[in-house]
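Following: one structure in structure tokens, then a few remarks.
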Amino acid sequence: MNQKVGSEQMARGIEREATVETTQMALACPQCEGVVETVRHEDIVRYGDGESAVDLPVILPVRLCRSCGIEFLDHEAEKVKHEALCRHFGVLTPWEIREIRKRHDLSRAAFAELTGLGAASLGRWETGALIQSLANDRYLRLLSAPGGLRTLKGVIQRAHVDMELASRPVGPGQLRFRCLKPNLRTRQEARRFLLVKDAA
């Protein structure tokens, strides 16, 4: 998913504002197989359309080949853009979500089964293919809190006990539900309902 940076403005910006990393990466140029360096360039990621659009400042890692002069962006730049969007929405970044799961020493499938989250959705959040909803983000933050996963396990255990009690057969002379004696207000509301129903 290499993307060539073709604008003259960006090229000038790289020369003016960017700094070249001193350590050369083990990355070959896709055009001439030359050595590629990384140049950090200040840029803007625009999110949304029209008046509601927002500009998010980012520092993109631009790949630069000194041999042929080609400049391009790769998956690392997409990762930076995605994390900028996560910060804008106030949600966890993909690596933070992975860190929560790994802290509990759980595979993706095991974490999904325990939390009730979809394994496919969890995978998309961790790889940055999708940004989680605010509700799911808050759920993940609760799980990252001290004792969060232990509390969840306790809730699940109590739910299993409740289900087991509810599924037990009722013996003769035993009532599962207790009938409540209706009060005067309940009788009046029932009478009013019947009158409306008959009138219809």
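What you see is a predicted model; the values in this text were computed from it and never measured.
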Distance in Å, I97 CD1 paired with D137 CG, rounded so as to fall on 0.5 Å steps: 6.5 Å

Closest approach of L92 to E96 (non-hydrogen atoms, all atoms of both residues): CA-OE1, 3.3 Å

Nearest heavy atoms of P61 and T38, plus distance in Å: CB-CG2, 3.8 Å

Spacing of K79 atom NZ and D74 atom CG [to the nearest 0.5 Å]: 11.0 Å

ILVMFWY cluster, L140 and I156 together (side-chain gap under 4.5 Å): yes

Minimum heavy-atom distance R66-E37, with the two atoms named: NE-OE1, 2.8 Å

More than 12 heavy atoms of other groups within 6.0 Å of E113 CD: no

L106 side chain reached by L114 side chain, heavy atoms, under 4.5 Å: yes

Within-4.5 Å side-chain heavy-atom neighbours: Q31 and C65: no

Neighbour count above 12 (heavy atom, 6.0 Å) for R103 CZ: yes

Close side-chain approach of T127 and P94, heavy atoms under 4.5 Å: no

Rounded distance (nearest 0.5 Å) linking atom NE2 of H82 with atom CZ of R87: 11.0 Å

L149-Y139 co-clustered via ILVMFWY side chain contacts under 4.5 Å: yes

Test item: R46 and V54 side chains (from C-beta on) under 4.5 Å apart, heavy atoms: no

ILVMFWY cluster, L130 and V80 together (side-chain gap under 4.5 Å): no

Shared hydrophobic cluster for I131 and W125 (ILVMFWY, side-chain gaps under 4.5 Å): no

Side chain to side chain contact (heavy atoms under 4.5 Å, CB included) between C29 and I70, intermediate numbers included: CA-CA 8 Å; C29 174; I70 187 176; 3.4 Å; yes

Nearest heavy-atom neighbours spanning V36 and R63: CG1-CB, 3.5 Å

Cluster check I59, I44: I/L/V/M/F/W/Y, side chain < 4.5 angstrom: no

Reported CG-to-CD distance for the pair L117 and Q132, which is rounded to 0.5 angstrom: 10.0 Å

E83 side chain reached by W95 side chain, heavy atoms, under 4.5 Å: yes

For R141 against G90, the heavy-atom pair lying closest together: NH2-O, 3.3 Å

Spacing of C68 atom SG and E33 atom CD [to the nearest 0.5 Å]: 10.0 Å

Interatomic spacing from OH in Y47 to CG in L56 - rounded to 0.5 Å: 9.5 Å

Side chain proximity check, L143 to T151, heavy atoms < 4.5 angstrom: no

Heavy-atom pair with the smallest gap, counting every atom of L60 and A77: CD2-O, 3.9 Å

T115 and L152, any side-chain heavy atoms less than 4.5 Å apart: yes

Working for side chain to side chain contact (heavy atoms under 4.5 Å, CB included), residues D55 and V45: CA-CA 6 Å; D55 291 335; V45 173; over 6 Å; no

Under-4.0 Å salt bridge between E78 and K81: yes

